[in-house]
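Numbering of ligands and ligand atoms starts at 1, following listing order. Keep in mind the model is a prediction, meaning the values are calculated, not measured.
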Amino acid sequence: MTLDFPTKVQIKEVGPRDGLQNERQFISTNKKVEWINMLSNSGMDYIEITSFVHPKWIPALSDAVDVAKQIERKEGVTYAALVPNETGLERALESEVDEVSIFISASETHNRKNINKSIDETLPIYDSIIKQANVAGKKVRGYVSTVFGCPYEGTVSVERVKKVVDKLLTLGVYEVSLGDTIGIANPKQMESVLNQLNFPTSTLALHLHDTRGMALANILVGLSKGITVFDSSNGGLGGCPYAKGASGNVATEDLLFMLQQMGIETNINFDEYIQASKYLQSLFSKQLRSHQLQIHS
Ligand code: HMG
Ligand code: MG
């Protein structure tokens with residue numbers, strides 16, 4: 001069997017948002033800013049820097065506005081942030097992020113636990129956010145969580161995923177990132193879901209938590225299906241606070257190493273990138289999950 005892979009992919013760094021949101025330890029604004037600046041210096045062109053959600057729900061990111069205002073903006077880098085509603089969008093616009101991401105789940109219970117609303121209640125809010133963001137000149141990215149399984153409902157049918165992805169694209173997001181929120185997908189399932197979803201691959205990205213160590217195997221399937229955008233997290237930091245046991249996204253440096261070994265271009269300088277990983281590691285007393293970080297520390 002010969003696998004066919006793209007020659008170039010984009011890595012979207014979600015560490016400062018997805019990575020930090022689940023950490024009990026509060027990282028000071030200055031340190032977050034220094035870390036994000038190091039990520040910017042590695043050649044990556046997309047960083048999700050924070051989340052404009054309720055600070056009571058996600059205290060780790062309560063300094064979102066300050067972080068966004070204090071980082072150095074490097075030309076060619078998109079600095080994005082998560083927004084759940086109009087209040088979030090207002091804060092995001094005030095902070096002058098380059099684009100915003102909205103998020104919804106394919107399963108009803110996870111959506112309610114995550115944003116306190118049903119899926120049907122959430123969609124009109126996002127309709128309005130997308131319109132307002134576009135008027136302000138900001139593109140909007142969409143996430144769909146629990147695509148491969150839900151921590152509350154178990155199996156999630158591809159039909160339900162398809163419906164939500166279709167809704168987001170129709171409302172006007174430029175790309176939907178398919179979330180394996182609890183890291184439950186296996187490569188065979190990944191192939192089957194991507195085959196059935198049937199959207200242009202240019203509108204899809206993968207956002208895989210590595211809870212069970214299967215993220216890279218699943219990414220390989222995504223690559224072979226023509227997906228060229230992957231979310232990952234520095235050090236493998238992170239998880240979803242509303243998905244018990246969920247660990248971080250696949251570590252960016254592990255993904256980067258695999259892609260580089262395979263001759264797939266990312267424009268990210270590994271040596272520069274690992275400096276950011278080491279800095280991040282120095283902020284935590286626990287060992288981060290990244291394999292590359294263990295080799296390079
Ligand atoms: P709610 O309590 O239903 O909100 O929370 P509300 O509209 O009823 O408002 C209650 C109060 O919150 C009001 O203040 C609002 O002003 C305030 P009060 O009048 O009582 O003083 N408020 C806000 N404050 C700051 N920023 C805001 C905001 N909105 C309302 N944006 C809400 C609803 C959505 C806000 C809440 O549920 C929330 O913040 N949820 C965040 C959940 C979250 O961040 N989850 C993790 C990210 S998603 C994820 O990790 C998955 C992903 O990675 C993909 C994957 O892995 O699958 C994306
Ligand atoms: Mg996530």
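For the atom pair Lys113 NZ and Ser107 OG, the distance stands at 11.0 Å (nearest 0.5 Å).
A salt bridge does not link Glu94 with Arg91: none of the charged nitrogens is closer than 4.0 Å to a carboxylate oxygen. Using a cut-off of 4.0 Å between Lys/Arg side-chain N and Asp/Glu carboxylate O, Glu253 and Lys278 are scored as not salt-bridged. Salt-bridge check for Glu99 with Lys138: failed, with every basic side-chain N at 4.0 Å or more from each acidic carboxylate O. In summary, Lys225 and Asp4 do not engage in a salt bridge, as defined by a charged side-chain N under 4.0 Å from a carboxylate O. At a threshold of 4.0 Å, the pair Lys32-Asp63 counts as salt-bridged, since one of the basic side-chain nitrogens sits closer than that to a carboxylate oxygen. Taking a cutoff of 4.0 Å between a charged side-chain nitrogen and a carboxylate oxygen, Glu153 and Arg160 qualify as a salt bridge.
The ring-ring contact (aromatic ring centres under 6.0 Å, His included) test with His296 is passed by exactly one of Phe270, Phe257, Tyr273: Phe270.
One option in Phe148, Tyr143, Trp57 has a heavy atom closer to atom 38 (C) of ligand 1 than any other, and that option is Trp57. The option from His207, His54, Lys56 that lies nearest to atom 39 (O) of ligand 1, judged by heavy atoms, is His54. Among Asn85, Ile182, Asp18, the residue whose heavy atom sits closest to atom 32 (C) of ligand 1 is Asn85. Taking only non-hydrogen atoms, the option from Asn22, Asn114, Ile104 nearest to atom 42 (C) of ligand 1 is Asn114.
When NE2 of His207 and NE2 of His209 are joined through the Mg ion (ligand 2), the resulting angle is 90° to the nearest 10°.
Here Asp231 fails the criterion, with no N, O or S atom under 2.8 Å of the Mg ion (ligand 2).
For ligand 1, the atoms closer than 4.0 angstrom to any heavy atom of Arg91 are 25 (C), 26 (N). Every atom of ligand 1 with a heavy atom of Asn116 under 4.0 Å away is listed here by number and element: 1 (P), 2 (O), 3 (O). Residue Pro84 has at least one heavy-atom neighbour below 4.0 Å for each of these atoms of ligand 1: 31 (N), 34 (C). The Gly88 neighbourhood of ligand 1 comprises atoms 31 (N), with distances under 4.0 Å to a heavy atom of that residue. Heavy-atom contacts of Leu82 reach the following atoms of ligand 1: 47 (C) (cutoff under 4.0 Å).
For Lys12 and Phe230, the positive end is not near the middle of the six-membered ring at less than 6.0 Å and at most 45° from its axis. The side-chain tip of Arg141 points at the ring of Tyr143 from less than 6.0 angstrom away and within 45° of straight on.
For Val53, heavy-atom contacts with ligand 1 shorter than 4.0 Å involve the backbone as well as the side chain. Here His209 has side-chain heavy atoms under 4.0 Å from ligand 1, and that is the only part of it that gets that close. In Val14, neither the side chain nor the backbone holds a heavy atom less than 4.0 Å from any atom of ligand 1. Contacts between Arg17 and ligand 1 below 4.0 angstrom, taking non-hydrogen atoms only, involve the side chain exclusively. In Ser145, the parts holding a heavy atom less than 4.0 Å from any atom of ligand 1 are both the side chain and the backbone.
By the 3.5 Å distance cut-off applied to N or O atoms, Gln21 is counted among the residues near ligand 1. The N/O atoms of Thr181, backbone and side chain alike, include one that comes under 3.5 Å of an N/O atom in ligand 1. For ligand 1, the polar-atom distance check against Phe52 finds a nitrogen or oxygen pair separated by under 3.5 Å.
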Take Lys8 and Glu265 through the salt bridge (Lys or Arg N to Asp or Glu O under 4.0 Å) test and state the conclusion after the steps.
CA-CA 4 Å; Lys8 191 171 182 342; Glu265 185 53 64; 6.0 Å; no
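Considering only heavy atoms from C-beta on, Leu220 comes within 4.5 Å of Phe5 through its side chain.
Considering just the N/O/S atoms of Asp18, the one nearest the Mg ion (ligand 2) carries the name OD2.
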